[in-house]
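These numbers come from a predicted model, not from an experiment. First the proteins, then the strands, lettered A, B, ... as listed; each starts at 1.
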Amino acid sequence: MVNLGIKIHNLDLKNPVMTASGTCGFGEEIADFLDLSLLGGMVVKGTTLKHREGNAYPRMAETPSGMLNAVGLQNKGIDNFISNIYPRIKDLDTHIIVNVNGSTIEDYVALTERLNELDRIPAIELNISCPNVKEGGMAFGISCPSAEAVVKAVRKVYGKTLIVKLSPNVTSIAEIAKAVEGQGADSVSLINTLLGMAVNAETRKPVLSTITGGLSGPAIKPIALRMVWQVYNAVKIPVIGMGGIMNATDALEFMIAGASAIQVGTALFIDPTIPVKIIDGISEYMERHKIQSVNEIIGSLQC
Amino acid sequence: MVNLGIKIHNLDLKNPVMTASGTCGFGEEIADFLDLSLLGGMVVKGTTLKHREGNAYPRMAETPSGMLNAVGLQNKGIDNFISNIYPRIKDLDTHIIVNVNGSTIEDYVALTERLNELDRIPAIELNISCPNVKEGGMAFGISCPSAEAVVKAVRKVYGKTLIVKLSPNVTSIAEIAKAVEGQGADSVSLINTLLGMAVNAETRKPVLSTITGGLSGPAIKPIALRMVWQVYNAVKIPVIGMGGIMNATDALEFMIAGASAIQVGTALFIDPTIPVKIIDGISEYMERHKIQSVNEIIGSLQC
Amino acid sequence: MKKTVIDFLLLDNKQLNKDNFQLTLQSPLPVSDIFPGQFINVEIKEATEIFLRRPFSILDVDYEKQTIALLVKILGRGSKKLTEARPGQTISAIFPLGKSFTLPDQNDRVLLIGGGSGVAPMLFLSKICGLKPENVTVLIGARSASDHIDVTAYQSYGQFYYTTEDGSLGEKGYVTNHPVFTEKLNQYTKIYTCGPDLMMKAIGRKAIDTNIFCEVSLENMMACGFGVCLCCVEDTKTGHKCVCTDGPVFNVNDLKW
Amino acid sequence: MKKTVIDFLLLDNKQLNKDNFQLTLQSPLPVSDIFPGQFINVEIKEATEIFLRRPFSILDVDYEKQTIALLVKILGRGSKKLTEARPGQTISAIFPLGKSFTLPDQNDRVLLIGGGSGVAPMLFLSKICGLKPENVTVLIGARSASDHIDVTAYQSYGQFYYTTEDGSLGEKGYVTNHPVFTEKLNQYTKIYTCGPDLMMKAIGRKAIDTNIFCEVSLENMMACGFGVCLCCVEDTKTGHKCVCTDGPVFNVNDLKW
Ligand SMILES: Cc1cc2nc3c(=O)[nH]c(=O)nc-3n(C[C@H](O)[C@H](O)[C@H](O)COP(=O)(O)OP(=O)(O)OC[C@H]3O[C@@H](n4cnc5c(N)ncnc54)[C@H](O)[C@@H]3O)c2cc1C
Ligand SMILES: Cc1cc2nc3c(=O)[nH]c(=O)nc-3n(C[C@H](O)[C@H](O)[C@H](O)COP(=O)(O)OP(=O)(O)OC[C@H]3O[C@@H](n4cnc5c(N)ncnc54)[C@H](O)[C@@H]3O)c2cc1C
Ligand SMILES: Cc1cc2nc3c(=O)[nH]c(=O)nc-3n(C[C@H](O)[C@H](O)[C@H](O)COP(=O)(O)O)c2cc1C
Ligand SMILES: Cc1cc2nc3c(=O)[nH]c(=O)nc-3n(C[C@H](O)[C@H](O)[C@H](O)COP(=O)(O)O)c2cc1C
Ligand code: FES
Ligand code: FES
């Protein structure tokens, strides 16, 4: 038997495969397909202090080997999460991580404080990289000072595992990663979506109601892999990699490039059972290559 | 008959379709397939002062809807261009634009001065965005001060049409575009390749000899379109768009988003006759939509 | 029935007219509790640059044989490719998805209006609604006679009327120009419709005005089809609702029409 | 012949053994001046996530019928998909590409060594080189007897020898273990080879050592195939050369082997 367990800060994951925020709802939506207890972790839908309706329809455009989305953090707010959703999912046998979003630093802090109360939420993923909101979101994640400010403020009130989700829409993601590490982040996850756009040539209109949206899927995998490798080489905290992972080979590429764990996002839309296939594929690979512990794979790239 | 003519600064192009640097050689390599005189323009292979061997093999990796390259500006240098290549191609009935590369500002200036002498080169494309060289290249294109410095120096010695090719690997491409416009660039072209990476999971080695390389092809089209639109809205000089253009619809999307002209790159590897199909497709579209001049399409996005 | 990613076996692929095909799919699992309005999200295999699945309504179900039928209209690359699938091929789909139409009560007199590929759930509903044929009216609109599909198999479930834009079959014009709609609407207690947005809006507004129960089946663009991406939302009176899970069937009174 | 993007018609697709297929393609244009070592860059249609064309050597040409043949070995997704193509289908390819082997002189005694799919240009060369059969030796290596393809059609052009790694056909071991190579090499004036890199390197080095003319056909990864991308380069004594245009055939003396 191979050992798939990995550690993100003081969080023990039974395997390195998680589902990505905004692509697995609150778990319940995919429970028909997937035994959630098999997952290393699950990052639930981006949550905000207040209820948000998100952006207007259309919010989606298919692109070559990928898609653009402009959901804009539609969610019912933290109160609803705590009273309605949390009780239903809290006893799942996997780590539930909440993706935390704000328009201001105060938002982030207030939200974190609320989540801090929840026993069964061992970690938060601080989203400073959402490209689909007018205020806050990605704005925090594209400069070192603002990224530092929000992480610093949240770190003060949050004692559990703090993962910071980075934006790829920057000149140097390694600089941002170092900046948030400097403020006490326990881990970084990357990449969020790349800012993109789709145009309907016949109508000469943007396809998305918001004109631009976030690009995800296999199209962005080469960029995500490069960023994971750059960040892995720049920081000491564990890196969680994602961006276009569709199968075990993709997942292994990220881990070889330096990811301690990976998240499956857009792939779930095409096949919500993919996480299990990835877990099995990683085991199979380890057996074939006679690798005992998955930790040996992390950052094993030979350059 | 529809009117396909467009203007880039004081350069009249018979149509908005050019071939991109590094993907059409010096034209001769694709002359078997394509009547070059039908092109609006042709940007020849990246040229440097001295002969360059480029990077070691392997230099290429196929990716979902795209490819990574790490050619590293292999070329025989400007002397060879002037004495051997220029005489053979100078009488082609299309605009030949030379893609100019340097490790230092002095390189760029020296190269530009040599090209200034050549009657049949009406424009240069200043490449401050090559991700595949150790020195110079993209380093100039990812910060405003360095981009400004190189454009300023080149502008002093170059009186013809100066196009500056921008890197997408930045937080704000619009800022860089404004910076080079401020130093007298006559046009900007974008995007060069996105920095990416490929890993071979079986060997646990990078696929490319240089570890990272430049991502091109349809995978990057949504990002390229977004950047063209952002830059179009930020500057007054004409924008030349590229990134994943495979057909007339793609080309029209770029023009609607703000491109005065477009370049076809990676698509040529798959079908070197694509530029003609694009030219025909644009005409057909204009007839169908009763558009007289292709200029009416440029930046016609209705948001 | 639990949502599942199923490998169906394509039993039959019949061209109905120029753009419409009827696909019959064999399920390896029992198919149960499938009702009109529900849909399936189909993987388009081996197609260049098609990334997401494509949703199609259930046209029919044979619970015994464990088969389902789809009506696929060629619209773009994915639907085209699907119509080229050959019997014997497996087709991966996520199934069943969405909420169905509210089935009528015994006393209801229902009007089912289908346009384009929206005819699929209407035919299914005519068959399954459990009403006497005289209480079921089916009105189908298409551009021209050659765009109408043969509905003989459903003829015994109700009275069928047709419109064509060119007058080549039935009434000339849109479904909303048909006397059944313009003159006899008050005879019906429930209206169900699926088809182009403009058609459904015209019908829905009239239903609101005349205070007749009306359900429409929306076809918003989808990425996942099972409620995780939040891309398919419709702006309803109670906020953004997912067409794939809260719908695709909505009561017009809940919409902002 | 001018390089062209051609829509070939697939006339025949014959499975030769588990992994090898022979495809016969009809050209709409006359095929002329095609020589061994040259290749064709094939578009793999309707395959998920295959973006670039795939290069294959010319196995044979029929100038009169205007057909060419390819030997396709399944290596990955693209080659697999190509072997699934059905007669009647069109296959887009860029053709002809690359430089051929230097044809031998009348007095030459040649040794042709093929491994894996590298056997294709060797068979073509045996047929076209114009030498008496006794002056042509063809040595073919494969893993096992079942991996060897039937070369009956070429048997009259030379003497054929085989190696297998398991000894199931011909000499056990690699081609470089065969007596023709280990003992009789000095009987040959020219060696030509195509196959796995390691095999070609072993042969090439021996040729350099023994000072025998030797040409190898490289299979570097390609993006374009016609000299514009500069991705396929081999580091030669005179710098980086494009395998697709300066090669794929190189004299070993020019390589850094
Ligand atoms: C719940 C639901 C049920 C459906 N039932 C059926 C059915 O029973 N039979 C049937 O033939 N079709 C049905 N459709 C529509 C079907 O999903 C689309 O025709 C199909 O996805 C188009 O894919 P394509 O690749 O052929 O088109 P593409 O090449 O992707 O697109 C072609 C054009 O159609 C537009 N388009 C694509 N999908 C949609 C959509 N969902 N709504 C509006 N415009 C779209 C695109 O923007 C583009 O302009 C249904 C859709 C939904 C959401
Ligand atoms: C000039 C030339 C002539 C060729 N002639 C023939 C021929 O006559 N018959 C034949 O069967 N094959 C031939 N090949 C090899 C053929 O091009 C590859 O087998 C094919 O491209 C593999 O594509 P794929 O999609 O099946 O593999 P992929 O799925 O793309 O790759 C599968 C694995 O093979 C590796 N690979 C892919 N292409 C190559 C390559 N060119 N060299 C080394 N490794 C590679 C990949 O890195 C990967 O590990 C030739 C190649 C060249 C360059
Ligand atoms: C529809 C959609 C919604 C998303 N919502 C969120 C979100 O709420 N919070 C977040 O941090 N990331 C969100 N993401 C980004 C993903 O979590 C992930 O970072 C990105 O999609 C790249 O991974 P992938 O290519 O595997 O999808 C969303 C992505 C998609 C496609
Ligand atoms: C193999 C290859 C070589 C390239 N060489 C150059 C170059 O020398 N100079 C340059 O400015 N851009 C170079 N590029 C970038 C292209 O000109 C273009 O900006 C990029 O590929 C995006 O367009 P595409 O997706 O249409 O290819 C190269 C691209 C490729 C794929
Ligand atoms: S399509 Fe994903 S939520 Fe409806
Ligand atoms: S493959 Fe492009 S130059 Fe050889």
Side-chain angles (χ1 to χ4, degrees), chain A residues 19-34 42 44-46 51-76 132 207-209 213-214 216-219 244 246 265-274 276-277, chain C residues 1-7 29 33 41-45 47-55 75-79 92-98 197 218-248 250 255-256:
Chain A
T19 51
S21 180
T23 65
C24 59
F26 292 97
E28 298 173 301
E29 298 85 343
I30 52 169
D32 261 13
F33 307 103
L34 192 65
M42 177 171 82
V44 299
K45 178 64 198 166
H51 171 103
R52 275 181 68 97
E53 276 297 310
N55 295 317
Y57 177 86
R59 296 177 169 184
M60 194 273 285
E62 190 181 44
T63 66
S65 296
M67 62 174 276
L68 289 164
N69 90 78
V71 172
L73 295 174
Q74 174 178 330
N75 82 99
K76 294 209 164 74
N132 293 323
V207 177
L208 302 174
S209 70
S216 64
M246 299 293 287
T266 307
L268 295 173
F269 305 162
I270 289 157
D271 182 356
T273 71
I274 282 182
V276 179
K277 293 177 184 168
Chain C
M1 195 179 161
K2 217 173 121 174
K3 292 173 192 168
T4 323
V5 186
I6 303 186
D7 269 336
L29 307 171
D33 310 326
N41 212 0
V42 180
E43 184 188 12
I44 311 293
K45 274 198 191 118
T48 314
E49 297 190 352
I50 292 197
F51 180 61
L52 299 165
R53 290 174 184 264
R54 299 287 191 264
L75 188 75
R77 303 154 306 145
S79 46
S92 160
I94 305 183
F95 172 78
L97 299 171
D197 246 40
L218 302 183
E219 295 198 348
N220 289 10
M221 302 284 289
M222 295 181 176
C224 71
F226 46 89
V228 292
C229 76
L230 308 187
C231 286
C232 62
V233 292
E234 179 70 18
D235 193 21
T236 73
K237 285 179 186 158
T238 52
H240 281 141
K241 296 281 174 201
C242 281
V243 169
C244 68
T245 47
D246 298 314
F250 290 89
L255 300 177
K256 289 190 169 169

Which bit of A:Ala219 comes within less than 4.5 Å of chain C, counting heavy atoms only: side chain, backbone, both or neither? neither

Less than 4.5 Å to any heavy atom of chain C: does that hold for the side chain of A:Thr266, its backbone, both, or neither? side chain

Yes or no on side chain to side chain contact (heavy atoms under 4.5 Å, CB included) for C:Ile50 and A:Glu62, after CA distance, side-chain angles and deciding distance? CA-CA 8 Å; C:Ile50 292 197; A:Glu62 190 181 44; 4.1 Å; yes

If you apply the rule side chain to side chain contact (heavy atoms under 4.5 Å, CB included), what do you find for C:Val243 with A:Tyr57, and how did you get there? CA-CA 11 Å; C:Val243 169; A:Tyr57 177 86; over 6 Å; no

Exactly one of A:Thr19, A:Ile30, A:Leu268, A:Thr23 should register a side chain to side chain contact (heavy atoms under 4.5 Å, CB included) with C:Val228. Which one does? A:Ile30

Answer yes or no: is there a donor N or O on one side and an acceptor on the other, between the side chain of A:Glu53 and the main chain of C:His240, under 3.5 Å? yes

Between A:Arg59 and C:Leu230 (side chain of the first, backbone of the second, donor and acceptor by atom type, cut-off under 3.5 Å), is there such a pair? yes

Checking heavy atoms, do the side chain of C:Asn41, its backbone, both or neither come under 4.5 Å from chain A? neither

Name the region of C:Leu52, side chain, backbone, both or neither, that has any atom closer than 4.5 Å to a heavy atom of chain A. both

When every non-hydrogen atom of A:Phe269 is compared with those of C:Ile94, the smallest separation belongs to O-CD1, 4.3 Å

Would one find more than 12 heavy atoms of other residues, nucleotides or ligands at under 6.0 Å from atom NZ of C:Lys45? yes

Between C:Thr245 and A:Glu29, does a side chain to side chain contact (heavy atoms under 4.5 Å, CB included) hold up when you go through it step by step? CA-CA 9 Å; C:Thr245 47; A:Glu29 298 85 343; over 6 Å; no

For the residue pair A:Met67 and C:Cys231, establish whether any side-chain heavy-atom pair is separated by less than 4.5 Å. yes

Is there a side-chain contact between C:Cys229 and A:Val71, using heavy atoms and a 4.5 Å cut-off? no

What residue, out of A:Gly217, A:Cys24, A:Gly66, A:Gly54, has the most heavy-atom pairs lying under 4.5 Å from chain C? A:Gly66

